[in-house]
Every structure is written in C-alpha cells, then in structure tokens.
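Just so it is clear: chains get the letters A, B, ... in the order the sequence lines come, proteins before strands, and each one is counted from 1.
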Amino acid sequence: MAESVRVRFAPSPTGHLHVGGARTALFNWLFARHHGGASLLRIEDTDRDRSTDEAIHQILDAMTWLGLDWDREGPEDDGAYAGYFRQTSRLETYRAHAARLLIEGRAYRCYCTPDDLDARREAAQARGETFRYDGRCRDAAPRPGVPAALRLRIPDTGTTIVPDLIHGDVAFDRATLDDWILVRSDGTPTYNFCVVVDDVTMKITHVIRGNDHLSNTPKQILCYEALGYPQPVFAHIPMILGPDRKRLSKRHGATSVLAFRDEGFLAQAMVNYFARLGWAHGDQEIFTRDELVRLFDIRQVGSTPAIFDRVKLEWLNQVWMKKLAEDPEGRRRLATQELAPYVERLGIAAPREELLLATVVNLGERTRTLAEMAEQGRFYFVAPTGYDPVAAGKLLRPATAAHLDRLLRRLDGLDAWDAATLEGAFRQLASELEVKLVDLAQPVRLALTGRMASPPLFGVMADLGRDEALRRLRALRQAVPGA
RNA sequence: GGCUCCAUCGUCUAGCCCGGUCUAGGACACGGCCCUCUCAAGGCUGAAACACGGGUUCGAAUCCCGUUGGAGCCA
C-alpha cells in the first residue's frame, strides 16, 4: 500500500462494548498493525440523549483490556483514555461542510415537515408504492426564517458501485436511493453525513465496519462525490449472530466484553476467538497476538455471518490458561495478575503466591474460566467447610475408619513429604490392606478438598504441606461414625 | 414492502477467485477406546456438511441463472 494506512473504530457510547463491536475493533486494529498504519478511535456521540460518559469509559476500558490500543491524535481531554475524537466536538466541521455543499448547489434546503413526509409516506403505502423523497424542494424558493432540512442532491439515474474488499463490487441502482437528509431542520447533522465528514477529515484510508452498514454506503459515496473527496476503501465484515441466527443481543446472554472479563475469560482467548470468527489461517486455531498481527489479511475475511459460540470460547480460554501455565513467566502472571482477584472475590484475603501457582498449574486443564478455577481451587487456601454429600454418604462409614487410622500412622512416620514419597506410601498400604488405590485415595481426597474430583491427590498433599494435610485428614476421621 | 448481503458437518471454518489433487480437510461440541488415584488433559477413533433446481463443461463444492431459506438497511 502506497499511502500509509489509517483506520478507525467508531462506537457510539450508548451501551457497553459488545462482542460484535469488539470484533470490528479487533479487525481494524489488526489491519492497522499489520500494515504499520494508524488506528484511531472516534466516539459517535451525536445522539446526545442516549450517549453517556459512563458508556465511553466502559468501551475504552474494554478495549484497553483486550489490548486494542489506538493512536492518540485526538484532544487530550480525558485523562488516561485521552486521544480519541468525539463527534460532538466536531460540530463546527459538519456545519462548514454542509454550508459548502449548499453554496455549491450539491445540497438544497427542504421545507417539507416531518408531518408532510409522514403523510406522503402513508399515501404511497396505500397505493402500494415504496416511498422515496421526490425531490420537490430541489428548486424551491428560499423561505427565510422557515426551518429547513438540508438534503443531498443525488443523480436520478445510473448505478453507484460500492467497491468492497470482502464483497467485491456491490451495485445500487440510484433510482432506489433518494435525496437524503444531511442536516435536520433543527440543525443537527445526520449519522451518515457525520461519518463521511469525519472519515474524510481524519484521512481514513480504509473503512472496516460491520455488514449492517453496507446499505448506507452508496449514500455515503454519493456524499464523497458531492464533496469532491476521494473515497476510502471499504470492507464490510460479516455480522455476529446469536444461536437463533438473529443479530446478537442481550437476549442471547452475555454479550458485553466486560461481562466476559468478569466471568474470568482471558483477553488473549477473547482476541483469539474473535479473530477466528470470519477469518481463518488454514487449520490453525491458536494464535498469539503477534501471530495475528503478522498473518491477518482482511481479504481473507469471509462473507458469511457467524454465530457466536460460547462453548468454543470456553475451550479456547482453557487452552490459553493451560498454555500460560506452561512457562514460569506466564504462570506467575496468570497466578498473581489474573487469578488472584477471583480468589479474593471468594473471601480469601491475600492468597499465598505458591498456592496461587499450584492452583494455576493444576486447575488450568480442569477448568474453563478463572472464576471456575478459583472456585475449584478454593481448597488450596481454606480447608473444606463441608463434604460433598454423595461422597460423604459413600465414604464416611465405619469401614473407612480403620483404613484411615492405618494411613494416619503411616503418614506420621514419613520422613519426606513430596508427591513421590506419598504415592509410594499409599500404594504400599493399599497392597497391604488388599484394597485398590482408589479406595484409599478417595476418602483422603474428600478430606483435603471436600470433593470427589480434584487435581492429582499426592500433588495436592504436597502443595498443602504436611501439617495442613494431616489436619484435614484428622478432621475427616472425626466425622467418620464408629470406631 | 423496496434494496442489499449471505448459503460447506449442530457450530467456527479449509477448499471456491485460478473447475479435476475432495471417497470434502481441521477445530469445538457429541459417542467409543486407550491412559489413569478421582476429575480433567492427552492420544486414537466414530458419527456428522457442499440448501434445492437448472445450465456451462469431458468434468462443478468450485463458474452462470433461478428457487428457497436466513440476515441487514431503508421505510
């Protein structure tokens, strides 16, 4: 690409950053980073009734969490998140462009009131026709003092082509388009007009956005032409749908990116998942951020809408938790940065780092989210407060008592307290008692973790330490009736 | 309703642009087996798709047309 790439992500701050928006943001970011270009952020807050600062911060928080940093060219007016553009701070620019179009005759004042328009629309419908503005004010005499909307004068005939990186050339018959409103009679600029003016003045080279904007694009292209500005390259990426194939929304459960963070998903897993929605690189499923930047190619993005599959996301999250736990550095970060807050949320203050590490190492392959990991790893930090009722019913019987007593004596006599030694002792005793290892192990597992399922028992005993392990064993022994 | 987009296993997708290598590949989920102190993870394995109908062609998942279905935008 000859000129340097400049893209933008343009959310409207009327709610949280949802899954679809995040994927759009990611594709823009990847495209920019891949080409060494700039990635800008524009907040489309012209709908003042529905836009809130709260939403802006949530969106920025989510983007920061996902690691989608933007190039800071905008005003430095918002602390940590500075450097983005707000449409409401650009109203003067829209006004100037509107004035120019009016003077040059590319736009005209329309005195039709909303009521007029509604009536004409209904009449058209009654006749079974599709209503389009008929251009009746194109040559209307100026009526000073009368509120007027500003409409773009578009050609009556011909075809407007939207050249699109993903869909190829998409043709729209201009006869199906009409002279659309640039500025409402109350003076507020419309969405499509702001977008064009913004993209032009921000020197955006590639507009990467959701497919839901494709239908608006011919109107925008006509506006570029009226303004005499070059068009950016368009890429309309397929939308993300819910399991019912409808546009993804709250009805489908969590769609807010921050909600996923809250549930204990890793940003890396989210990014990996989003990238694979609509894009693929052969058979590869797991991508690091760097790999994505290197391999991402917008032209390889498919054109089919994708259904959001939480189960696969969960799988990816597990893969990433396991992956991070593999090397010392990742393990430490996963334990102290990612997992710790979830453990603390369980009411465990200042969890010890070595236990956090043990949790991460052992529960990474057993759980799918950090919240789940904390929950299932709780026993590392605190003794069980009760036993799984089914297991208790099965295991807390007199027959177990004798075995436990033998075991306790055996463990007391151990010089070392490591997984290998413990396993040896258990196996030895099991064969002496002529029982299966599992029969000896399960009561102990219940004592230490409160559950029937846990990470490998001997590792758990070692991680807990001799004193704590024996304490929990004796506690269970007390609970065994008889003997 | 008008316009536009989309159509490969239940889901994400590879293949489609540059027809033959496709008895259509991978992944998630699901079943079986192995491993095993539990649960997982892992390994092996099974079931599972080119929406339909016409063309074009020696040959179509791949190109063209239509139908059906889904979605989005505008109203």
Side-chain angles (χ1 to χ4, degrees), chain A residues 20 117-118 120-122 124-133 160 162 164 166-168 170-178 180 191-192 210-219 236-248 272-286 299-319 321-322 325 362-368 372-373 376 388 391 395 419 422-423 426-427 430 435-446 448-449 451-461:
Chain A
L117 263 9
D118 285 345
R120 277 146 64 187
R121 179 173 304 122
E122 274 172 38
Q125 251 155 23
R127 291 193 305 272
E129 295 168 11
T130 307
F131 176 75
R132 285 177 48 245
Y133 180 71
T160 289
V162 177
D164 190 281
I166 288 161
H167 297 285
V170 182
F172 293 81
D173 186 347
R174 286 189 204 120
T176 65
L177 271 20
D178 61 3
W180 55 284
Y191 170 77
N192 283 308
N211 195 250
D212 45 336
H213 291 284
L214 182 55
S215 303
N216 281 326
T217 310
K219 292 162 70 171
H236 289 92
I237 64 181
M239 306 188 60
I240 298 179
L241 275 23
D244 57 358
R245 305 208 143 268
K246 298 250 188 294
R247 177 193 206 115
L248 195 63
N272 194 154
Y273 179 72
F274 288 148
R276 280 287 286 100
L277 227 42
W279 175 82
H281 184 259
D283 288 340
Q284 189 172 349
E285 296 284 350
I286 313 300
R299 288 164 310 183
Q300 284 173 356
V301 172
S303 45
T304 318
I307 293 171
F308 183 80
D309 181 7
R310 190 194 159 93
V311 174
K312 186 152 185 181
L313 204 211
E314 288 177 356
W315 169 74
L316 263 175
N317 202 52
Q318 178 176 55
V319 166
M321 292 198 302
K322 280 193 308 190
N362 290 298
L363 260 9
E365 63 196 33
R366 274 168 251 270
T367 54
R368 315 215 111 185
E372 209 188 315
M373 186 187 271
Q376 290 196 26
D388 175 277
L395 299 173
L422 288 162
E423 180 164 358
F426 268 71
R427 285 191 186 280
V435 297
K436 284 183 289 185
L437 182 57
V438 62
D439 295 325
L440 203 51
Q442 283 305 72
V444 178
R445 189 185 311 283
L446 190 66
L448 302 188
T449 71
R451 305 174 183 241
M452 294 265 249
S454 84
L457 187 61
F458 311 114
V460 168
M461 294 180 79

(request) Using the P atoms only, state how far C50(B) lies from C9(B), rounded to an integer number of Å. (result)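 About 7 Å, rounded to a whole number of Å.
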Among [options], find the nucleotide with the atom closest to the side chain of [X].
X: Lys312(A); options: C28(B), C6(B), C5(B); answer: C28(B)
X: Glu285(A); options: C6(B), A29(B), A27(B); answer: A27(B)
X: Val311(A); options: C5(B), U38(B), A29(B); answer: A29(B)
X: Arg366(A); options: U38(B), C12(B), A71(B); answer: U38(B)
X: Gln318(A); options: A41(B), U38(B), G72(B); answer: A41(B)
X: Phe172(A); options: U11(B), U4(B), A41(B); answer: U4(B)
X: Arg368(A); options: C37(B), C12(B), A41(B); answer: A41(B)
X: Lys322(A); options: A71(B), U11(B), G42(B); answer: G42(B)
X: Ala441(A); options: A40(B), C37(B), C6(B); answer: C37(B)

Is any side-chain N or O of [X] under 3.5 Å from a base N or O of [N], one able to act as donor and the other as acceptor?
X: Lys246(A); N: A71(B); result: no
X: Ser215(A); N: G72(B); result: yes
X: Asp283(A); N: G25(B); result: yes
X: Arg445(A); N: C39(B); result: no
X: Glu129(A); N: G2(B); result: no

Measure the distance from [atom1] on [X] to [atom2] on [N] and round it to the nearest whole Å.
X: Glu314(A); N: A29(B); atom1: CD; atom2: P; value: 9 Å
X: Phe458(A); N: C37(B); atom1: CZ; atom2: P; value: 8 Å
X: Phe274(A); N: C12(B); atom1: CZ; atom2: P; value: 15 Å
X: Gln376(A); N: A40(B); atom1: CD; atom2: C1'; value: 9 Å
X: Met452(A); N: U38(B); atom1: CE; atom2: P; value: 12 Å
X: Arg174(A); N: G2(B); atom1: CZ; atom2: P; value: 22 Å
X: Asn272(A); N: A27(B); atom1: CG; atom2: P; value: 15 Å
X: Arg276(A); N: A29(B); atom1: CZ; atom2: P; value: 14 Å

Mind checking if [X] touches a base, just sugar-phosphate, or nothing, with heavy atoms under 4.0 Å?
X: Pro456(A); answer: base
X: Thr304(A); answer: sugar-phosphate
X: Gln442(A); answer: sugar-phosphate
X: Pro455(A); answer: base
X: Ala430(A); answer: nothing
X: Leu214(A); answer: sugar-phosphate
X: Arg427(A); answer: sugar-phosphate
X: Arg451(A); answer: nothing

Here the gap from Arg276(A) atom CZ to Gln284(A) atom CD, rounded to the nearest 0.5 Å, amounts to 9.5 Å
Is the phosphate of [N], meaning OP1 or OP2, less than 4.0 Å from a side-chain N or O of [X]?
X: Arg247(A); N: C73(B); answer: yes
X: Arg245(A); N: U11(B); answer: yes
X: His236(A); N: C5(B); answer: no
X: Ser303(A); N: C5(B); answer: no

Pairing partner of C73(B), by Watson-Crick or G-U wobble and under 3.5 Å for both distances, is G2(B)
Under 4.5 Å between any side-chain heavy atoms of Arg368(A) and Asn317(A), yes or no? no
